[in-house]
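No experiment lies behind these values; they were computed from the predicted model shown. Sequence positions, counted from 1, serve as the residue numbers for this chain.
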Amino acid sequence: MGNTKVVVIGSSNTDMTIKAERLPKPGETILGGIFVMGPGGKGANQAVAARRLGADVSFICKVGHDIFGDNAIEGYRKEGIDTSRILRSDKASGTALILVDAKAENCIAVAPGANGDLAPEDIDSVADVIRSAGYLILQLEIPVESVLRAARIAHEAGVYVILNPAPACPLPRELFSYVSLITPNQTESALLTGIEDNLDAAVDKLLEMGVKDVVVTLGSKGSMVVSEGTRTFVPSLKVEAADTTAAGDTFCGALSEGCSLVQAAQFATKASALTVQKMGAQDSIPYRSDIK
């Protein structure tokens, strides 16, 4: 299995979630919702998922000198995550406002705050941690130039680089040559490749752009795993969804399982199926013992 140490570089947010019967229209106020506040951020969610599912995890992010940042770091420590290289910013810690309806659909507004301060120079300061990893997991809630720097350092050190290209945005072509595995959903796949309604063609384009492996998540249908010249459909598990907020992050965190990519995707599918049955982001992420 080789080096299974996981380094996650990404965002740390405090999530404030309201679950209501439906999402409000512009200018409309809806009463009767349920409020939950807890830790979130795509980077943090993926770090917590990887740790709860059994990995040795170091998390690198940037938080403010405020109670949200203090609470976040303390929470990661309690999870058993290495927080020794978490950085501080003069900006406020990142926050996210999340609305969830009765069908578990959501809409999210994020104030990045300190996440936007995680600069390429900060990445250089933790290069030794990146090089020591077996896996590096990245997302796009921090500056793209910092993602590029981290991916290049990892690639040059032979680290397996997982990029979750969310939230979707245009990416420099150079980045793809440093990525071992990219995990877009169908919308992100279309944005990255310019190809809609043709999954195989979109995957071909991603491989042509330089990535080694691809997992396209297909929502409630499952995922398409492309590795070593083969394409395998991994079906989803049918469950009653309460909140889909951290499902994709749990899936990505679970892909560092250290086995074949198809087996890792099957494991990740089970983990994300458990996640959607609970409210909240990190509160809903399962432990390894939960997966039967």
Taking transitive links into account, so neighbours of neighbours count too, which hydrophobic residues share a cluster with Phe267 at under 4.5 Å side-chain distance?
Leu53, Leu274, Ile291
Return the orientation label for the Tyr135 and Tyr160 ring planes: parallel under 30°, perpendicular over 60°, tilted otherwise.
perpendicular
Any donor-acceptor pair under 3.5 Å from Arg51 side chain to Glu79 backbone:
yes
Rounded to the nearest 0.5 Å, how far does CD1 of Ile182 lie from CG of Asp213?
11.5 Å
Check: Ser220 main-chain N/O paired with Ser236 side-chain donor or acceptor under 3.5 Å:
yes
Is there a side chain to side chain contact (heavy atoms under 4.5 Å, CB included) between Glu208 and Asp204? Walk through the geometry before answering.
CA-CA 6 Å; Glu208 178 189 315; Asp204 288 340; over 6 Å; no
Just checking Lys238: does its NZ atom have more than 12 heavy atoms from other residues, nucleotides or ligands closer to it than 6.0 angstrom?
yes
Between the side chain of Thr275 and the main-chain N/O of Ala271, is any donor-acceptor distance below 3.5 Å?
yes
Could you see if Ile123 belongs to whatever hydrophobic cluster contains Ile162? Use Ile, Leu, Val, Met, Phe, Trp, Tyr and a side-chain cutoff under 4.5 Å.
no
What is the distance from atom CG of Leu118 to atom OG of Ser146, rounded to the nearest 0.5 Å?
5.0 Å
Inspect the surroundings of CD in Glu240 and state if more than 12 heavy atoms from other residues, nucleotides or ligands are less than 6.0 Å away.
no
Asp66 side chain to Ser93 backbone, donor-acceptor under 3.5 Å
yes
Salt-bridge contact Arg85-Asp122 (side-chain N to carboxylate O under 4.0 Å)
no
Enter the distance from Cys169:SG to Leu171:CG here, rounded to the nearest 0.5 Å.
4.5 Å
Please say which of Leu136, Thr183, Val147 ends up in a side chain to side chain contact (heavy atoms under 4.5 Å, CB included) with Leu163.
Val147
Rounding to 0.5 Å, atoms CD1 (Ile30) and NZ (Lys25) come to a distance of 9.0 Å
Evaluate the criterion side chain to side chain contact (heavy atoms under 4.5 Å, CB included) for residue pair Ile137 and Leu255; output intermediate values, then yes/no.
CA-CA 9 Å; Ile137 302 179; Leu255 289 176; over 6 Å; no
How many angstroms lie between atom CD of Gln263 and atom OG1 of Thr232, to the nearest 0.5 angstrom?
11.0 Å
Hits for side chain to side chain contact (heavy atoms under 4.5 Å, CB included) against Glu21, two or more places apart or cross-chain, chain-then-number order -> Ala102
Is the side chain of Glu188 donor-acceptor paired with the backbone N or O of Asn185 at a distance under 3.5 Å, no angle test?
yes
If you look at every heavy atom in Val110 and Ala96, which pair is closest and at what distance?
CG2-CB, 4.0 Å
Do Ser227 and Val262 touch side chain to side chain, with heavy atoms closer than 4.5 Å?
no
Heavy atoms, side chains only, cut-off 4.5 Å: are Pro184 and Leu206 in contact?
yes
Could you state the interatomic distance from OG (Ser11) to CG (Asn45), rounded to the nearest 0.5 Å?
7.5 Å
For the side chain of Arg52 and the backbone of Gln282, is there at least one donor-acceptor N/O pair under 3.5 Å apart?
yes
pair Ser58-Ile60: side-chain heavy atoms closer than 4.5 Å
no
Ionic contact status for Lys5 with Asp56, cut-off 4.0 Å
no
Co-membership, hydrophobic cluster, residues Val203 and Leu218, 4.5 Å side-chain
yes
Contact check, side chains of Glu141 and Asn115, non-hydrogen atoms, under 4.5 Å:
no
Take Ile130 and Ile9 through the side chain to side chain contact (heavy atoms under 4.5 Å, CB included) test and state the conclusion after the steps.
CA-CA 9 Å; Ile130 296 171; Ile9 301 178; 3.7 Å; yes
So, Asn71 side chain and Phe68 main chain: donor-acceptor pair closer than 3.5 Å or not?
no
Identify whether Met224 and Leu207 are in the same connected component of the hydrophobic contact network (ILVMFWY, side-chain heavy atoms under 4.5 Å).
yes
Would you say Thr83 and Phe59 make side-chain contact, with heavy atoms under 4.5 Å?
no
Is there a path from Ile81 to Tyr287 through hydrophobic residues (I, L, V, M, F, W, Y) whose side chains come within less than 4.5 Å of each other?
no
Could you walk me through whether Lys91 and Lys62 pass the side chain to side chain contact (heavy atoms under 4.5 Å, CB included) test, one step at a time?
CA-CA 10 Å; Lys91 292 185 178 179; Lys62 210 164 196 179; over 6 Å; no
Would you confirm whether Arg88, through its side chain, and Val63, through its main-chain N or O, come within 3.5 Å as a donor-acceptor pair?
no
CG of Asp90: more than 12 outside heavy atoms within 6.0 angstrom?
no
Whether the side chain of Lys42 engages the backbone of Gln139 through a donor-acceptor N/O pair (distance < 3.5 Å, no angle test) should be reported.
no
Does any N or O in the side chain of Ser180 come within less than 3.5 Å of the main-chain N or O of Val161, such that one atom is a donor and the other an acceptor?
yes
Less than 4.5 Å apart, any side-chain heavy atom of Lys19 and any of Val36?
no
Hydrophobic cluster membership, Ile18 vs Ile108, 4.5 Å side-chain cutoff:
no
Cut-off 3.5 Å, side chains only: do Asp15 and Thr17 have a donor facing an acceptor?
no
How about Ser177 and Leu175: do any of their side-chain heavy atoms sit closer than 4.5 Å?
no
